[in-house]
Amino acid sequence: MRLTIDGRNVEAAEGMTILAAAKTAGIEIPTLCYLEGISDIGACRLCVVEVEGKNELATACNTKVKEGMVVQTASQKVIDARKTVLKLLLSNHNIDCFNCEKNGDCQLQKYCNEYDIDTTPYIGSRSLLECDVPKKDAHPFLSYDPSKCIYCQRCVQTCRVATGRRAIKLRRTGKYTIIDAPFGEDWEETRCESCGNCAQACPTGALTIKRRKNYRAWEVKRVRTTCPHCATGCQYDLIVKDNKIVDVEGADGPSNHNMVCVKGRSGSFDFVDHPDRVRHPLIKNKETGEFEQATWEEALDYVAKKFTELRDTYGGDSLAGFACARSANEDIYMLQKMVRTAFHTNNTDNCARVCHAPTVAGLATTLGSGAMTNTIEDITQKSDLILLVGSNPEHAHPVLGMQIRRAVHKGTKLIVVDPRDIDLAHAADVHLKLTPGTNVAFANGMMNI
Ligand code: SF4
Ligand code: SF4
Ligand code: SF4
């Protein structure tokens with residue numbers, strides 16, 4: 001389709017929104033509630049644009065392009081409407097930027113600056129509601145402050161659509177719809193799994209990760225890396241202040257698309273600066289039995305000497321090297337290289353072959369390689385049916401579990417074969433609760449059918 005946006009000729013595919021078409025032409029339209037692929041509810045109305053021939057402004061995030069459409073994204077009418085939207089949002093907002101964790105990283109603040117709004121003539125009716133909706137702060141990692149909420153529903157949509165958890169709800173109280181965040185005293189009884197993806201999606205300081213109060217956006221740098229916890233391989237940014245990791249934010253990696261789980265977000269970096277961490281090589285004093293601090297040169301010379309003595313006295317097969325599953329492929333490669341070239345042995349292995357020995361052997365025998373044979377998208381976006389046998393991805397690989405939940409909510413059938421009542425079993429079309437020990441009979445039965 002051909003249309004005109006701000007006087008430019010733009011080509012767009014049928015079904016595209018004005019927002020997406022404008023983006024392809026390098027025209028940015030401001031949004032607060034929109035999240036690509038997750039939420040296009042058009043609630044904030046900041047993305048309004050003028051469409052020739054229409055009296056009312058259209059929301060660009062959910063209005064589809066049409067052949068010959070003429071769109072203005074920054075006419076005076078549009079700018080005036082956006083200013084009014086921002087003033088109305090501010091009328092219910094506790095403007096406390098100086099103390100706010102999101103100062104410098106808040107999209108409401110950003111757009112108010114861009115549209116030159118620093119105050120509002122309106123008095124918001126929602127402020128009357130605050131006594132009914134107290135701050136929810138009992139959760140160990142997350143906090144919700146309704147006085148800063150703009151009711152954009154990004155958190156609700158993220159929890160509902162992206163993570164498939166549905167722990168944050170919209171609730172009616174009187175004439176208002178409010179955000180029912182699961183971070184009160186009863187947080188442990190809620191469905192929340194503490195992944196924090198809602199806080200990452202929140203455009204304001206309403207729903208935050210508590211550790212954000214320790215830094216401001218301009219004090220930190222980002223370091224892109226891979227989560228070390230499980231094999232999902234989520235990409236995230238370490239947020240670093242004064243050379244210390246202070247937070248984690250999900251990045252758009254092929255396996256996680258900005259999401260992370262509770263392990264990645266809140267359990268993957270505290271140890272780096274933990275006071276109990278061993279920071280120097282230690283060599284045991286044979287006389288006292290105590291470990292004593294050594295330099296790296298002393299420690300490496302000592303181990304190299306001992307390994308060489310063992311190899312020369314008893315042969316290379318007296319030694320072995322075992323790599324940690326949390327190591328990067330490159331480090332594991334270096335370890336096996338050292339074992340083969342310096343130890344003169346092939347006794348080298350990795351935890352992955354212990355934990356996954358049966359799957360590795362089975363996959364290698366049938367398919368030639370003991371590794372995952374499909375992308376996550378093949379499983380969660382291109383399958384009619386998922387057969388889950390003896391696996392609890394919501395615990396073991398939570399971001400994959402989130403994507404399976406999302407697929408099931410979108411209509412993919414799920415069969416869980418597991419003696420345990422894993423959470424996914426409740427969403428399954430069939431839960432086959434095998435008697436432990438009958439796995440082989442199940443596999444044979446399936447092959448027979
Ligand atoms: S932390 Fe995760 S599960 Fe809990 S409410 Fe937020 S998005 Fe939902
Ligand atoms: S808590 Fe944040 S994401 Fe949720 S509705 Fe309020 S402003 Fe939007
Ligand atoms: S699923 Fe969780 S633990 Fe696994 S890589 Fe992703 S963030 Fe890390």
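For ligands, and for the atoms within them, numbers begin at 1 and follow the listed sequence.
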Part of Y144 with heavy atoms under 4.0 Å of ligand 2, whether side chain, backbone, both or neither: side chain

Pairing donors with acceptors under 3.5 angstrom, does anything connect the side chains of S39 and Q153? no

Run the contact test for C198 against ligand 2 with a 4.0 Å cut-off on heavy atoms, strictly below, and give the result. no

When you measure from atom 5 (S) of ligand 1 to every protein heavy atom, which one gives the shortest distance, and what is it? I168 CG1, 3.3 Å

Just which atoms of ligand 2 are under 4.0 Å from any heavy atom in I179? 5 (S)

How far is atom 3 (S) of ligand 3 from the closest protein heavy atom, and which atom is that? H229 CB, 3.2 Å

For G253, is there any backbone N or O sitting under 3.5 Å from a side-chain donor or acceptor partner on N256? yes

For ligand 1, which part of L142 has a heavy atom less than 4.0 Å away: the side chain, the backbone, both, or neither? side chain

Going by the 4.0 angstrom heavy-atom rule, the piece of K148 near ligand 2 is neither

Taking 4.0 Å as the limit for heavy-atom contacts, which would you say applies to I150 with ligand 2: side chain only, backbone only, both, or neither? both

Considering the heavy atoms of C261, write down every atom of ligand 3 situated less than 4.0 Å from one of them. 1 (S), 2 (Fe), 3 (S), 7 (S)

Distance check below 2.8 Å: does C155 bring an N, O or S atom to atom 4 (Fe) of ligand 2? yes

Using the six-membered ring wherever Trp is involved, compare the ring planes of W187 and H139 and label them parallel, tilted or perpendicular (cut-offs 30° and 60°). tilted

